[in-house]
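Worksheet: the structure to be examined is printed underneath.
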Protein chains: 2
Amino acid sequence: MRTKKEAVSKSDRDAALSRKLSGAGTGRASQRAPKKSRISVLIADDHTVVREGLVSLIRRKPDMSVLGEATNGREAVELWKQHRPDVTLLDLRMPELDGVSAIKEIREHDEHARIIVLTTFDGDEDIYRAIQAGAKGYLLKDVPREALMDSIHRVHAGETCVPVHLAAKLAERVSGETLSSREIDVLKLMAQGKSNKEIGATLFISEGTVKSHVKAIFAKMNVISRTEAVANATRRGLIQL
Amino acid sequence: MRTKKEAVSKSDRDAALSRKLSGAGTGRASQRAPKKSRISVLIADDHTVVREGLVSLIRRKPDMSVLGEATNGREAVELWKQHRPDVTLLDLRMPELDGVSAIKEIREHDEHARIIVLTTFDGDEDIYRAIQAGAKGYLLKDVPREALMDSIHRVHAGETCVPVHLAAKLAERVSGETLSSREIDVLKLMAQGKSNKEIGATLFISEGTVKSHVKAIFAKMNVISRTEAVANATRRGLIQL
DNA sequence: CAGATAACACCTCTTTCGGGGGAGGAAACA
DNA sequence: TGTTTCCTCCCCCGAAAGAGGTGTTATCTG
């Protein structure tokens, strides 16, 4: 009746994450830096104006070039496979295929693919999942031009690049308690306004069991009511209402 | 103890809204079209890449020019007063001063200011408030280039420009029931996970009164639980959690 | 392998929610 | 002037929610 959804353990995941973050800001050189004169960049964002802005910014740089533009995650993966860009700029929430899934698919083809997530969402869970999936950088769309360009250079050079305030959120997430997959199931149904009984019926467990899960969720998220839990989870990017 | 927060009545507001929307898509000519050869555009968005994209798109057009860029609502109002642009492109959620407030301030100086809201939020309440404040257009950031340019031209010519799918949402909002200001107060506190008793203590009213408001909110929003109400309200842009 | 940890399931008990009403006062609209 | 809407408060009552504690089973950890 029960299925193990998370194949890797928490400690395994966090150890991997530490390894990924260890290179941040240290200036550690790439193990195999591309020899091309220009850094080729793939852009993936469903917002026309954002794509336009990135193209404009990159075209202005003599040491960079735009390799292609994707309007969703599926397209991003296809274009990546075709052109193998040096660096990929990727939004998180896109139609067809979301950013995290796109990162995972790309990294199935190349473990060392250099991907920067450029998005508006700053929830700790969003950041965590992106880095966990293999993103080398995480930037918000209000990032200044220079910082964006610097990040592209750094990621291209093999570094990991996450601004301090986002890294702090990430640290919070890592140090804080993790919701189990079952608890997330319950949380999602809670967010739909379902009662404990309805949740139980959906998940084929008793109402009492649902209550114990809800209790665990409250304790881990440090909230008192289900409404607060849903609001919190939405803000953190744990669920998208 | 009680203050009247909404000075204008519902019927007044909706009548005004109907007047504003009546010109949409009819091609009605402006009453006083500017005589300059180029349409001067003011850009206001806190996202660097979006501003960059808009500048890039507009610079490409021979009949348009960028008059200035603002990174928040306060700056947008200042720049508008300085340069009096033909058309203003404005994001909704910005630091310092939000988009709706900026629109209101600008229209205090010029009743006929031509403002287009360009944002990612498509909640009916967001759209309603923007149009209500006096926006002549409402576009999402995934709008194609041509549609954006067309909208700038149309708004400059004095038309109102709201895409059909957004206009439909707006119609839903207008036809649906309106929450009173007090009900919104309660809803906001509900979203923070507060109990009826706590809400009562915060608003200096009895718990019974809170329950009455909560009941009214459920009925108007057509939901059963407070969690559902908060999720719904957030999605619609009624509250920002 | 023993011991700890965590997820999952289930049980009672008290408090709070939420549905069903009703009612009076203030302000705005006709 | 009457009508409508909003805000305030009240009642009852069944159904949830939320706070306790128990036990079983995997999976790390030493």
Side-chain angles (χ1 to χ4, degrees), chain A residues 1-16 176-187 189-230, chain B residues 1-15 176-187 189-230 232:
Chain A
M1 181 171 251
R2 204 183 323 157
T3 50
K4 201 66 201 147
K5 293 186 182 172
E6 296 183 74
V8 272
S9 72
K10 183 180 188 297
S11 49
D12 268 1
R13 278 185 281 120
D14 287 351
E177 299 203 77
T178 319
L179 293 193
S180 72
S181 59
R182 197 56 161 175
E183 284 159 355
I184 295 214
D185 291 341
V186 173
L187 186 58
L189 293 169
M190 246 192 333
Q192 291 168 27
K194 292 189 190 263
S195 70
N196 289 337
K197 191 180 287 182
E198 289 174 313
I199 295 172
T202 308
L203 298 179
F204 303 108
I205 56 181
S206 84
E207 184 185 349
T209 305
V210 176
K211 286 185 175 183
S212 66
H213 285 308
V214 171
K215 238 188 314 180
I217 293 169
F218 289 174
K220 287 181 178 178
M221 298 186 67
N222 197 29
V223 297
I224 315 179
S225 72
R226 47 178 57 214
T227 308
E228 200 183 351
V230 169
Chain B
M1 179 169 249
R2 201 184 320 155
T3 51
K4 201 64 201 148
K5 294 186 182 172
E6 296 184 74
V8 274
S9 73
K10 184 179 188 297
S11 49
D12 265 3
R13 280 184 282 121
D14 287 352
E177 298 204 77
T178 320
L179 292 193
S180 71
S181 59
R182 199 55 162 174
E183 283 160 357
I184 296 213
D185 292 341
V186 173
L187 186 59
L189 292 169
M190 247 191 335
Q192 291 168 26
K194 292 187 189 268
S195 70
N196 289 338
K197 194 180 287 182
E198 289 173 314
I199 295 173
T202 307
L203 299 179
F204 302 108
I205 56 179
S206 83
E207 185 184 349
T209 305
V210 176
K211 289 173 90 171
S212 299
H213 287 309
V214 170
K215 263 189 290 189
I217 293 169
F218 289 174
K220 287 182 178 177
M221 296 186 70
N222 198 29
V223 297
I224 320 177
S225 72
R226 46 180 60 214
T227 307
E228 201 182 348
V230 169
N232 231 314

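Any value given below was found using the heavy atoms of this structure, including those in side chains, with hydrogens, waters and symmetry copies removed. A note on names: the letters A, B, ... follow the listed sequences, proteins ahead of strands, and every chain is numbered from 1.
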- Query: Could you state the CE-C1' distance from A:M221 to D:dG18, rounded to the nearest angstrom?
  - Reply: 16 Å
- Message: Expressed as a whole number of angstroms, how long is the span from B:F218:CZ to C:dC17:C1'?
- Response: 8 Å
- Whole-Å distance, A:L179 CG to C:dA6 P, equals 14 Å
- Message: Using OP1 and OP2 only, check whether a side-chain N or O of A:H213 sits under 4.0 Å from C:dA9.
- Response: yes
- Take the protein atom CD1 of B:I217 and the nucleotide atom C1' of C:dG19, then report the distance between them rounded to whole Å. 15 Å
- Query: Just to confirm, is there a sub-4.0 Å distance from OP1 or OP2 of C:dA9 to any side-chain nitrogen or oxygen of A:R182?
  - Reply: yes
- Task: Starting from C1' on D:dC7, measure out to NZ on B:K211 and report it in whole angstrom.
- Result: 17 Å
- Message: Are the side chains of B:V186 and B:R226 in contact, using a 4.5 Å heavy-atom criterion?
- Response: no
- Would you mind reading off the distance between B:K194 atom NZ and C:dT16 atom P, rounded to a whole angstrom? 15 Å
- Query: Is B:S212 touching bases, backbone alone, or none of the nucleic acid, heavy atoms closer than 4.0 Å?
  - Reply: base
- Query: Between A:T178 and C:dA7, does any side-chain N or O lie under 4.0 Å from OP1 or OP2?
  - Reply: no
- Task: Check for a donor-acceptor pair, side chain of B:E198 on one end and backbone N or O of B:K194 on the other, with a separation under 3.5 Å.
- Result: no
- Do any side-chain nitrogens or oxygens of B:S206 fall under 4.0 Å of OP1 or OP2 in D:dC10? yes
- Query: For the side chain of A:K215 and the base of D:dG18, is some donor closer than 3.5 Å to an acceptor across the two?
  - Reply: no
- Whole angstrom is fine here: how far is it from CD1 in A:I199 over to P in C:dA9? 13 Å
- Message: What contact category does B:T209 fall into here, base, sugar-phosphate, or nothing, at under 4.0 angstrom with non-hydrogen atoms?
- Response: base
- Query: Do any side-chain nitrogens or oxygens of A:N196 fall under 4.0 Å of OP1 or OP2 in D:dA16?
  - Reply: no
- Note on the structure: Among the nucleotides C:dA7, D:dT8, D:dC6, whichever has the atom closest to the side chain of B:I205 is D:dT8
- Message: Assess the residue pair A:L203 and A:R182 against the criterion (side-chain contact (heavy atoms from CB on, under 4.5 Å)); give the C-alpha distance rounded to whole Å, side-chain angles, the decisive distance to 0.1 Å, and a yes or no.
- Response: CA-CA 9 Å; A:L203 298 179; A:R182 197 56 161 175; 3.9 Å; yes
- Using a 4.0 Å heavy-atom cut-off across all strands, classify A:S195 as base, sugar-phosphate, or nothing. sugar-phosphate
- For B:R226 and C:dC17, give me the distance from atom CZ to atom C1', rounded to whole Å. 7 Å
- Of A:E207 and B:V210, the one whose nearest nucleotide on DNA chain D sits closer to the 5' end is B:V210
- Message: One pair to check against side-chain contact (heavy atoms from CB on, under 4.5 Å): B:H213 and B:I199. What are the steps and the verdict?
- Response: CA-CA 11 Å; B:H213 287 309; B:I199 295 173; over 6 Å; no
- Query: Has the side chain of B:E183 got a donor or acceptor atom that lies under 3.5 Å from a matching backbone atom of B:L179?
  - Reply: no
- Looking for any heavy atom pair under 4.0 Å, which part of the strands does A:K197 touch: base, sugar-phosphate only, or nothing? sugar-phosphate
- Message: Assess the residue pair A:V230 and B:V230 against the criterion (side-chain contact (heavy atoms from CB on, under 4.5 Å)); give the C-alpha distance rounded to whole Å, side-chain angles, the decisive distance to 0.1 Å, and a yes or no.
- Response: CA-CA 9 Å; A:V230 169; B:V230 169; 5.9 Å; no
- Query: Phosphate oxygens OP1/OP2 of C:dA7: is one of them under 4.0 Å from a side-chain N or O of A:K220?
  - Reply: yes
